[in-house]
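Each remark here refers to the structure printed beneath this line.
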Amino acid sequence: MIGLFDSGVGGLSVLKAIINNGISDDFIYFGDTKNVPYGTKTKDEILSYTKDIMEFFIKKGADCAIMACNTSSALVYEELRNQFSDKIRIYPLIQFAAPCFKDENQTIGVMATAATVKSLAYTKEIQKINPKCNVIEQECQKFVEIVEKRLYEDISSLNYIKEKIEYFKKAGCKKVILGCTHFPYLVPVFKKYTADIEFIDPAELLIKSIKSELVSRSSGKTSFKFYVSKDPENFKQSGSMFFDIEEDVNLAEFLKV
Ligand code: DGL
């Protein structure tokens with residue numbers, strides 16, 4: 001069983017990419033809707049939330065966890081790996097996606113949450129393998145709320161999105177990494193403001209690098225279980241715009257007193 005987690009519906013973009021790549025398994029998804037957004041939280045807070053999520057996955061029988069959240073990949077991957085790697089194999093997004101830029105010679109843009117940008121995790125991971133690569137990071141924290149609350153059509157959302165895209169255009173970026181799993185949903189809106197930026201989903205790069213592992217462990221059957229820490233109905237409504245959620249969305253047992 002593979003666990004995927006995020007602060008909310010964002011990680012469903014990773015689950016979707018996995019399914020679209022033809023990978024079958026038993027999937028358990030956890031959206032930490034009580035604590036969304038992660039991008040404005042401290043490292044200690046995120047560590048405490050994600051430790052509970054790992055325990056929950058292990059209890060449910062998952063042997064593999066995909067961190068479908070850039071913010072926690074940036075801030076707490078190492079701590080989770082040190083504590084849980086004997087019980088569950090953990091795949092972080094950024095660390096698996098960054099090596100794909102090893103031969104890149106143009107400026108790469110990164111749009112991400114406040115915490116991810118502050119950590120400079122993308123810049124550090126890319127430059128580990130390609131020291132000369134120029135990386136420009138920009139915080140786009142409000143995109144998370146726009147997706148969680150379905151505010152895509154509000155004028156203020158559109159103005160905010162436009163301003164963020166203009167920044168990458170002015171910086172001359174032709175490739176921009178969607179450094180938060182909520183952001184792939186907004187690509188059609190981004191494209192209204194730019195025709196020549198390629199938006200790169202790190203989930204695709206992660207899958208490319210671990211596809212053979214995922215295929216070799218597959219039983220050939222697929223099932224889904226969805227859990228949240230608050231408001232299952234809102235999760236189902238927002239999430240269903242991007243992923244076909246036929247199953248019930250449940251409140252995770254460890255949160256029930
Ligand atoms: N979707 C998450 C990420 O990839 C977290 C967004 C948030 O909750 O701020 O970073």
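The analysis underlying the following values was restricted to heavy atoms, covering all of them including side chains, and did not include hydrogens, waters or symmetry mates. Keep in mind the model is a prediction, meaning the values are calculated, not measured. Both counts, for ligands and for their atoms, begin at 1 and track the order of listing.
Residue Ser7 touches ligand 1 through its side chain alone, judged by heavy-atom distances below 4.0 Å. Contact annotation: for Thr113 versus ligand 1, heavy atoms closer than 4.0 Å belong to the side chain alone.
Considering backbone and side-chain N/O atoms, Gln141 comes within less than 3.5 Å of an N/O atom of ligand 1. In terms of N/O distances under 3.5 Å, ligand 1 is approached by Tyr38. Looking at ligand 1, you'll find an N or O of Gly39 within less than 3.5 Å of one of its N or O atoms.
In this structure, of Asp6, Val14, Thr71, Leu75, the residue bringing a heavy atom nearest to atom 2 (C) of ligand 1 is Asp6.
For the 3.5 Å distance criterion, the side chains of Ser13 and Thr181 fail to qualify, holding no donor opposite an acceptor. Asn21 and Glu204 form a side-chain donor-acceptor contact under 3.5 Å, judged by distance and modelled atom types alone. Side-chain contact check for Thr50 and Ser72: no donor-acceptor pair (N or O, by modelled atom type) lies under 3.5 Å. Side-chain polar atoms of Gln141 and Thr40 form no donor-acceptor pair below 3.5 angstrom.
Of the listed residues (Phe224, Tyr185, Phe235, Tyr29), just one forms a ring-ring contact (aromatic ring centres under 6.0 Å, His included) with Phe243, and that residue is Phe224.
Set against the non-hydrogen atoms of Asn70, the atoms of ligand 1 under 4.0 Å away are 3 (C), 4 (O), 10 (O).
Closest approach of Pro202 and Asn70 over heavy atoms only: CG-OD1, 4.2 Å.
By the 4.0 Å heavy-atom criterion, Gly10 is excluded from the residues contacting ligand 1.
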